[in-house]
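Structure, as structure tokens:
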Amino acid sequence: MVEPFETSFGVEKKRRFLLVRLETTDGLEGYGECVASTEPLYSSETTATAREMLSRRFLPLLVRMRSPTLEKFSDATDSYRGQRMAKAAVETALVDLAAQGEGVSVSRFLGGHRRRVEVGVSVGIQPTIPALVRRVGRYLDDGYRRVKLKVRPGWDAAPVAAVRRAYPDLELWVDANQAYPTEAQKRIRVWAEKYRVSQVEQPFPERAIRAHAELARGARFRVCLDESIIDRVSLDDALAAGALTSLNVKTGRVGGLEVGRALARRAARAGVPSWVGGMLESGIGRAHNVHLASLPPFTLPADLSASERYYRQDLIERPFELGPGSTLEVPAGPGLGVRVREETLRRARRASRTFRR
Ligand code: OSB
Ligand code: MG
């Protein structure tokens, strides 16, 4: 990574990518990226558990299917609990293939029409407050129009105040990744409203639906859920409880693009806007996210920044660059619409396994 990314749960300095490449007999290639990390800190899956599930269950299942489809894969893996990041790595690659089969982009295949998607930048915890203010300033110079600060107890009111003071008109969000005890509600409300934070993401543990609902009641900011929402049931219950006024959709967390789209539609019907979250993906996962963000129910700016903001060298030929109005371009070619740098992959590869029919 260009620089370490620190959140309430830890620091990431390097990422090891777990990729799935599906090759069809007629010569098409589909790519998916598993967004799990090496440590189970954001959620319980890791690259190791995902690799295990992919190699022992999901990929053998897939290659045994006569003519694999998204529906068949989803039916065949439905009874395996959890493992959503592992499942999504395959699902996204299948969507890439299905879109190529129809000669359209993943965006079109899923029902999208936007040519560019609005994005913001997620800023990790910095060593000092002046360093944070400088970091935010450089992102604003780059052209990002909304900033999400990672916060945690002890890194909240003061850094948020400093950023607000330096940039009075900035659209400012925060994300705590479950770091606060539910009793912290009052204090969060005070600094978030005082410094005009427009969205507070996942302040409490993933099961703390009532605490999120209490925070959302009468708040002058949106309460966004990320880790709490993993499927339709968790979304419906949280919506019924009034626990969210914004939904972060991550393909890996919910098990695929089609589920992600369904959840965003459901939230929209309840009057709750959605946006696409990120997991520090390579260009491959990033491309999937950009396509997802082009769908109609995604109305808030995504956590999708330019490739150079994360990695010195990306795995795709033409890295994503920030365009006018804080946007990324939706690739228009068939499927993912990006070219994978095979040579870079080959050099970086630590291990690989092939499953054949
Ligand atoms: O909670 O949104 C999160 C990165 C890793 C794990 C969890 C999260 C994040 C981010 C980064 O906020 C978003 C990005 O990829 O830019
Ligand atoms: Mg989050």
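First listed ligand is number 1; within each ligand, the first listed atom is number 1.
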Could you pull out every N or O of ligand 1 that sits under 3.5 Å from a protein N or O, with the distance for each pair?
unit_1   : atom_1 : unit_2 : atom_2 : d
ligand 1 : 1 (O)  : K150   : NZ     : 3.0
ligand 1 : 1 (O)  : D175   : OD2    : 3.0
ligand 1 : 1 (O)  : N177   : ND2    : 2.8
ligand 1 : 1 (O)  : D226   : OD2    : 3.2
ligand 1 : 1 (O)  : K250   : NZ     : 3.3
ligand 1 : 2 (O)  : K148   : NZ     : 3.1
ligand 1 : 2 (O)  : D175   : OD2    : 3.4
ligand 1 : 2 (O)  : K250   : NZ     : 3.1
ligand 1 : 12 (O) : S122   : OG     : 3.0
ligand 1 : 12 (O) : K148   : NZ     : 3.3
ligand 1 : 12 (O) : K150   : NZ     : 3.1
ligand 1 : 15 (O) : M279   : N      : 3.4
ligand 1 : 15 (O) : L280   : N      : 2.9
ligand 1 : 16 (O) : Y310   : OH     : 2.5

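- In summary, K14 and E12 do not engage in a salt bridge, as defined by a charged side-chain N under 4.0 Å from a carboxylate O.
- Geometrically, R146 does not engage Y144 in a cation-pi contact, judged by NZ or CZ lying under 6.0 Å from the ring centre and within 45° of the ring axis.
- For the Mg ion (ligand 2), the nearest N, O or S atom contributed by E201 is named OE2.
- For the residue pair T327/R116, the side-chain donor-acceptor check at 3.5 Å is satisfied.
- Distances from the Mg ion (ligand 2) to each N, O or S atom of D175 single out OD2 as the nearest.
- The Mg ion (ligand 2) has no N, O or S atom of E227 inside 2.8 Å of it.
- S74 and E91 are not linked by any side-chain donor-acceptor pair at a separation below 3.5 angstrom, with hydrogens and angles left out of the test.
- If you check the side chains of W275 and S246, you find a donor sitting under 3.5 Å from an acceptor.
- D226 has its closest N, O or S atom to the Mg ion (ligand 2) at the position named OD2.
- Tracing side-chain contacts under 4.5 Å through hydrophobic residues (I, L, V, M, F, W, Y), one never reaches F9 starting from W173; they form parts of separate clusters.
- Using a 4.5 Å cut-off between side-chain heavy atoms of Ile, Leu, Val, Met, Phe, Trp and Tyr, with links allowed through other members, L235 and L295 fall into the same hydrophobic cluster.
- Backbone or side-chain N, O or S atoms of D303 do not reach the Mg ion (ligand 2) at under 2.8 Å.
- A salt bridge links E201 with K148: the distance from a Lys NZ or Arg NE/NH1/NH2 to an Asp or Glu carboxylate oxygen falls below 4.0 Å.
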